[in-house]
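Accompanying notes for the structure given below.
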Amino acid sequence: MYPSRFRYESPTSIEEAISLLEEGKGEAKVLAGGQSLVPMLKLRFASPELLVDINNIADLDYHRFDADGSLHIGALCRHEHLEKSADISARQPTIAAAAPLVADPIVRTRGTFVGSVCHADPQGDWASCMVALDGYIVAQGPNGRRNIPVRSFVSGPFQNVLAYNELAVEAVIPAPQGTALGGYMKLERRVGDFATAAVAVAVDMSGGKVTRAGIALTGVGGTTVDASDAAAALVGGSLDEASIAQAAELAASVAQPRSDHRGSASYKRHIISTFTARLLGSISESNERAA
Amino acid sequence: MSLDEIKIGGMGASRRRVEDNRFIRGRGNYVDDVVLPGMLHMEILRSPVAHARIRSIDVSKAWEIPGVRLVLTGDMMATRNLAWMPTLSYDTQAVLATDKVRFQGQEVAAVIADDPYIAKDACEAIVVDYETLPVIVNPDQAMASGATLIRDDKENQPDNKVFDWEVGDRPATDKAFEEADVVSEIELHYPRSHPSPLEPCGSIADFDRSTGKLTVYMTTQAPHIIRAAVALVAELPEHMIRIISPDLGGGFGNKVPVYPGYVISILASILTERPVKWIEDKTGNLISTGFGRDVYLKGQMAVRKDGKILGVRMHTISDHGAFFSDAQPSKFKIGLMHSAFACYDIPAAHLTAEGYYTNKAPGGVAYRCSFRVTEAMFFQERMIQAAADDLGMDQAEFRRINLVRDDDFPHRTPFGFLTDSGQYGKCLDVALEAIGYEQFLKDQEEARKNGRYLGIGISTMTEPLGAGNSREYDILGIKMFDSAELRVHMTGKAILRTGAKTQGQGHETTWAQIVAHELGIPADDVVVEEGDTDTAPFGMGTYASRSTPVAGAAVAMVARKIRAKSRKIAAHLLEVSEEDIEWELGRFYVRSSPDRGVTIQECAMAAYSNMPDGMEPGLENTAYYDPPNLTWPFAAYVATVEVDPETGVWDVLRMVAVDDCGVRINPMIVEGQIMGGLTEAYAMASMQFITFDAEGNCVGSNYMDYLLPTAWETPGFELHEVVTPCPHHPIGAKGIGECATVGGPAAFVNAVMNAVEHLGVRNIDMPLLPDRVHEAIATRSDISGAPPVRTDAP
Ligand SMILES: Cc1cc2nc3c(=O)[nH]c(=O)nc-3n(C[C@H](O)[C@H](O)[C@H](O)COP(=O)(O)OP(=O)(O)OC[C@H]3O[C@@H](n4cnc5c(N)ncnc54)[C@H](O)[C@@H]3O)c2cc1C
């Protein structure tokens, strides 16, 4: 691989990283897992003057559930850690279902959750999980930290609202309102392929009723698609055949798929509806079993 | 007491691959591992557009970059008469474009610099002014009247047609169709694919003015053909050219042709008097080097009510890209397409073929197949299934009725090849038994009642492997035979060289096993070397499953020459006449007193220290082998699948493979070849294709879009064997390297089609992507052609 020439720095603190970004004046790029950035350097789609490698910054490689039930994912938490952690599989079903479907096992050992959300690929799996779960990004710049809800974090395909001198330090998923249920279904042509279409569903339930719901769609729009109407229609009710069918239809109706070599637009829309129904169906089943 | 052949690693031993020792330790020596003193690096600038006139090329900015040593364009190549080169199919191909670019990815300029980063920067600094022309991306467009002429460089080329060709007996075939009760038809597309070896192509040219010698390290499956080509193209004396093909990271046919990069690196080294290394990147490999398939096939089958096939018609339209640089025997314009239906007893057949130029990458290579037999066998087995369906006959039964019977050999195939051996019916029976055919049909019926779609697909075929014989097979007039040279040293250890070139097949392991079998020298005592034209005997290289049928036979023959000489030495050592000597593995003994004997190692020592009077010293020899016929392995593949009617996703439930490749030298390696081939077959059937949008942009130019299956989605394979020795091969072996890639795809496709046939769906063209399968199910209609690159708005 023969990228353009660039300067490389490897800071050991967040503050140092931020001052390097400051120095880069918009011509710098953060290097996390490198699983999206390095291919772009190889193809010379990106030719930054400065690479700020954050891999040597201590204390960014974590995920934890706080006492209030919120999930915090540090900027160096790799996909693989989410895939293989017992607390994730026990407490956060949407993330647990998506983790083994992101990229391939090799990429998952390097790629980061936060890097993926920053990359803002409309086909990124984590962004959909974040949307379905009402997650937010904690950004740190020279003037301190701010929280950015994921819905306003992504500003377009491969674009986010971070200032050039800001680093995303963690992603946060708020505590569930009741029992956290959910799942992720992805149609891919092969392991390691981006989604032809995928659906993230997160449903909090209490006393047989839906207290909160989020549905987001991958690969069927210029950015992650928030199927908020489909989700809203579920809140307050129970998950039955009729409500599931309605949500599936609403989700499919907001998808904006394009026909390409992965499949036709109408097929992708059909997959969104099928997967939404399948996910909600199995959530309803597992809720009934638990009850 | 005779040696235990398995213990010495002889025939039938599943000996571990000796080459893996270095490969798994990262100690392989590939072209890119070779570093020569003073070496420069070359990068190629490729065309971003598929069809355009070149108005101008401005290289001045590239020259300004420090570290740039040479910038080459087509005009500069032309001053050396090297702007164009001959192809392996008697056409010409641009080395660096002069007049026009004719496909996206075509070589336009080259930069030679101190390091590859500089070379790449300099390529970006070259400004090319293109005047775009209408683009042709398929034969339909190519043959349309008024179509833009792609090859306006050629004389006598009024249109985009490459060739018209036919074979078979038209009147007899017409008559067969008149007598038919049922005429079945099918029309298919075999999509363009790419061999995509792990290692892309590359070369290091090293011209030494003081000796006049040109040494080229090159990723080639056929080093001797390349030497001949370089001698002819670059007009250098052949003895001053040394081609070294070191370890190859796979070839699959991709590394047979001569590529522009090789030629440019050679001229660059001559001009700079420094070694010049060119290593293609993966995208360069995918978009510019030899592809596979890209053929439209249609045909008809004439059948009698009782299931007897009376005749077949085939018509193929092939897409060759911008230059006709197929690597194939000269005589056959569409390769060995006419090997179709070779395993069936069919009295009459006729094939017509047309080839077209398009604005796509050139180089229809035999991607893991013996020159278009993959397309032939795919068509054959899809046609067979269609005809069985039309007759309302069980597909296994229909095959059984028409397969050539064991006592029918030698058998003339419908297009005139001669097959010589096989147990076709038995292979099919073994496969059906293994899969539990009758039970599956019952399960399928039950499942259908519950809305589940199960399917079973069969593919049975024999294919011609191991070109030559030299009577019929040549490339650019060079006859297709092969060679082996064996040197047995004083202590009974040996070095063996052949004219073939291993690229993953395990020659270093298996050739030593043949020597062990013939001479009783333990395989571990034989080192095998290939790929250096200064040391290896002349041969045609490795592709088309020809190594074991041809070079492997030469190994046996040269070992027999060594044995014959050793026998004379043994007689001398034992002081008896040669007629009184008997041979057992590894040892000669006196017939009348078997405990008086000498080992092959003792004979070797004597060949250098105690030879009989009048005998030439030494124990070395060479054999050239021109096979009397091709070898004809047989395979029966059966796959079962379940299709999800809601999504079109299909899963392979089981895949049973029964292969008869004659005597197996190393069963483990044979099984590895079959599993690898089935994996590629599954890839073709399920996900793999290279396509082009209307502007000629290649979709499939990287490994995110051109899909190679991983261990995750590749199904498990259940392998079985039947052994019918090849009657003319010295050790009874037949080719096996490609059977599964060739025969496998139809098994998967037939299975999916069988799962949805009750909906009236008759064909879905490969790859059977879920959206295509779903569309067929939803609309109850066929899906034909290459997967379109759709660009409609949301
Ligand atoms: C073969 C392959 C297959 C893949 N398949 C999938 C898939 O199926 N689904 C999927 O979702 N993804 C897939 N990916 C992408 C993968 O998940 C990446 O890991 C992820 O998108 C980016 O994470 P990263 O840590 O590697 O980020 P990097 O590549 O290091 O960075 C990506 C971008 O985000 C920026 N960035 C990273 N971290 C920060 C930060 N903390 N603050 C500010 N900016 C930051 C970088 O500057 C860069 O612009 C695939 C990648 C490969 C190579």
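These numbers were taken from a predicted model, which means no experiment stands behind them. The chains referred to below are lettered A, B, ... by the order of the sequence lines, with proteins before strands, and numbering in each begins at 1.
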TODO: State the OG1-CG distance between Thr196(A) and Asp771(B), to the nearest 0.5 angstrom.
DONE: 8.0 Å
Task: NZ/NE/NH1/NH2 to OD/OE distance under 4.0 Å, Arg278(A) and Asp644(B) - done: yes
Open item on the list: Surrounding CG of Leu43(A) (heavy atoms of other residues, nucleotides or ligands, distance under 6.0 Å), is the total greater than 12?
Closed with: yes
Task: Part of Asn702(B) lying under 4.5 Å from any heavy atom of chain A - done: neither
Task: Largest heavy-atom contact set with chain A, pairs under 4.5 Å, which of Thr647(B), Asp115(B), Leu769(B), Thr710(B) - done: Thr647(B)
- [ ] Side chain from CB out, backbone as N, CA, C, O: work out which of these in Met704(B) comes under 4.5 Å of a heavy atom of chain A, or both, or neither.
- [x] both
Task: From CE (Met687(B)) to CG (Asp193(A)), nearest 0.5 Å - done: 9.0 Å
Open item on the list: Does Glu249(A), at its CD atom, have more than 12 non-hydrogen atoms belonging to other residues, nucleotides or ligands within less than 6.0 Å?
Closed with: no
- [ ] Flag the one option from Arg44(A), Arg5(A), His270(A), Met1(A) with the top tally of heavy-atom pairs under 4.5 Å to chain B.
- [x] Arg44(A)
Open item on the list: Nearest 0.5 Å, please: how far is NZ in Lys120(B) from OG in Ser4(A)?
Closed with: 9.0 Å
Task: Residue pair Glu775(B) / Tyr267(A), side-chain heavy-atom distance below 4.5 Å - done: no
Task: Salt-bridge contact Glu713(B)-Arg189(A) (side-chain N to carboxylate O under 4.0 Å) - done: no
- [ ] Supply the atom-to-atom distance His774(B) NE2 to Leu187(A) CG, rounded to the nearest 0.5 angstrom.
- [x] 11.0 Å
Task: Crowding at CD, Gln159(A) (>12 non-hydrogen neighbours, <6.0 Å) - done: yes
Task: Largest heavy-atom contact set with chain A, pairs under 4.5 Å, which of Asp281(B), Leu708(B), Thr283(B) - done: Leu708(B)
Task: Which portion of Pro3(A) sits near chain B, non-hydrogen atoms under 4.5 angstrom - done: both
- [ ] On the 0 to 90° scale, with breaks at 30° and 60°, tag the Tyr117(B)-Tyr2(A) ring pair as parallel, tilted or perpendicular.
- [x] perpendicular
TODO: Counting only heavy atoms closer than 4.5 Å, note whether Pro116(B) contacts chain A via side chain, backbone, both or neither.
DONE: both
Task: Proximity breakdown for Phe689(B) and chain A, heavy-atom pairs closer than 4.5 Å - done: side chain
Task: CZ (Phe45(A)) with more than 12 external heavy atoms under 6.0 Å - done: no
Task: Structural part of Pro770(B) lying under 4.5 Å from a heavy atom of chain A - done: both
